[in-house]
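Below is one structure, written out as structure tokens; comments come after it.
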Amino acid sequence: MSHLNPITLKFSILLIVILAFESKDTNAISYGKVRVTIINGAAPDPTPINMTLHCKSKDDDLGFHTLMHEQSYMFSFKPRFPWGTLFFCSFTWKESPLLHYLDIYSFKRDNCRICNWRINKAGGCKYLKETGSFSSCIPWNSVELMDANSTSKM
Ligand SMILES: *[C@@H]1O[C@H](CO)[C@@H](O)[C@H](O)[C@H]1NC(C)=O
Ligand SMILES: *[C@@H]1O[C@H](CO)[C@@H](O)[C@H](O)[C@H]1NC(C)=O
């Protein structure tokens with residue numbers, strides 16, 4: 001009869017238990033994908049403007065993207081388990097020396113899987129299924145003066 005070292009046996013059982021929990025974590029308890037679409041909805045008043053946006057989370061930097069009037073930008077991600085994910089974006093346009101910040105996806109605030117926003121000069125309006133329109137408007141979270149160097153990126 002082959003006798004298994006009891007320490008090796010305990011260790012193997014522990015390893016199996018850990019592996020079982022790990023796979024449970026990544027398969028059974030995870031969040032579905034979220035898709036965020038951002039439209040440059042600034043009124044063409046007096047003329048259409050191009051908006052440059054820059055979205056980030058703690059883990060991802062999605063870079064700079066410039067949207068012409070009514071153009072959209074889309075990204076998708078999987079909220080991290082268990083606390084979710086926060087994505088925030090800055091918006092700039094030539095006519096303003098300010099960086100305009102908005103939380104574009106907050107796990108705590110948003111329960112959308114498909115999250116659509118129209119951005120205007122005062123903030124963002126989120127699409128609501130209940131009203132069938134971009135009726136959930138919020139002002140910028142914060143506004144900061146750009147330094148000379150980031151202005152030159154535009
Ligand atoms: C917006 O960007 C487009 C493409 O780069 C450019 O042709 C257009 O002149 C820009 N419009 C304004 C108002 O800056
Ligand atoms: C801006 O850029 C210049 C030259 O590249 C550099 O010397 C300066 O430190 C920068 N300023 C800031 C605030 O990053």
Side-chain angles (χ1 to χ4, degrees), residues 15-154:
L15 199 63
I16 288 165
V17 168
I18 289 171
L19 288 176
F21 270 96
E22 289 246 304
S23 66
K24 200 177 166 202
D25 231 14
T26 51
N27 297 326
I29 347 171
S30 68
Y31 300 131
K33 242 184 174 178
V34 169
R35 194 179 81 194
V36 175
T37 302
I38 302 169
I39 301 166
N40 172 0
D45 179 21
T47 53
I49 58 165
N50 292 338
M51 275 187 171
T52 299
L53 59 84
H54 184 193
C55 298
K56 285 187 203 175
S57 70
K58 202 159 72 79
D59 307 307
D60 288 304
D61 182 333
L62 304 180
F64 290 89
H65 301 273
T66 298
L67 300 181
M68 296 197 301
H69 179 58
E70 293 297 327
Q71 250 187 354
S72 62
Y73 167 68
M74 199 260 280
F75 66 93
S76 52
F77 63 96
K78 260 181 111 164
R80 286 177 72 94
F81 188 82
W83 309 116
T85 298
L86 175 74
F87 265 97
F88 63 96
C89 307
S90 68
F91 296 86
T92 54
W93 52 93
K94 248 211 296 252
E95 295 75 8
S96 165
L98 303 173
L99 282 159
H100 310 78
Y101 285 98
L102 198 65
D103 287 348
I104 211 77
Y105 180 83
S106 155
F107 188 74
K108 263 188 249 160
R109 183 194 63 196
D110 299 310
N111 56 10
C112 48
R113 284 288 184 84
I114 294 183
C115 312
N116 298 326
W117 287 88
R118 279 179 74 83
I119 307 300
N120 57 57
K121 288 178 189 169
C125 296
K126 191 167 66 169
Y127 184 87
L128 285 189
K129 252 195 281 186
E130 295 78 6
T131 62
S133 62
F134 293 87
S135 55
S136 176
C137 298
I138 53 172
W140 305 117
N141 279 34
S142 66
V143 167
E144 281 174 26
L145 200 60
M146 271 189 268
D147 64 48
N149 290 352
S150 55
T151 310
S152 66
K153 270 190 206 130
M154 300 212 22

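Predicted model, so just to flag it, every value in this text is computed and none were measured. Every number for a ligand or one of its atoms is a count from 1 in the order of the listing.
For atom 14 (O) of ligand 1, a protein non-hydrogen atom is found at a distance below 4.0 Å. Not a single protein heavy atom sits closer than 4.0 Å to atom 9 (O) of ligand 1.
The neighbour count for Asn111 CG, taken as heavy atoms of other residues, nucleotides or ligands under 6.0 Å away, does not exceed 12. The number of heavy-atom neighbours closer than 6.0 Å to CZ of Arg113, taken from other residues, nucleotides and ligands shown, is 12 or below.
The shortest side-chain heavy-atom distance between Lys78 and Thr85 does not fall under the 4.5 Å cut-off.
Relative orientation of the Trp93 and Trp140 rings is tilted, given thresholds of 30° and 60° on the angle between their planes.
If you number the atoms of ligand 1 from 1 as listed, the ones under 4.0 Å from a heavy atom of Pro48 come out as 13 (C).
Nearest to atom 7 (O) of ligand 1 among the protein's heavy atoms is Met68 SD, 4.8 Å. In terms of protein heavy-atom proximity, atom 1 (C) of ligand 1 is nearest to Asn50 ND2, 1.5 Å.
Between Phe87 and the choices Phe77, Tyr105, Phe107, the ring-ring contact (aromatic ring centres under 6.0 Å, His included) rule is met once, by Phe77.
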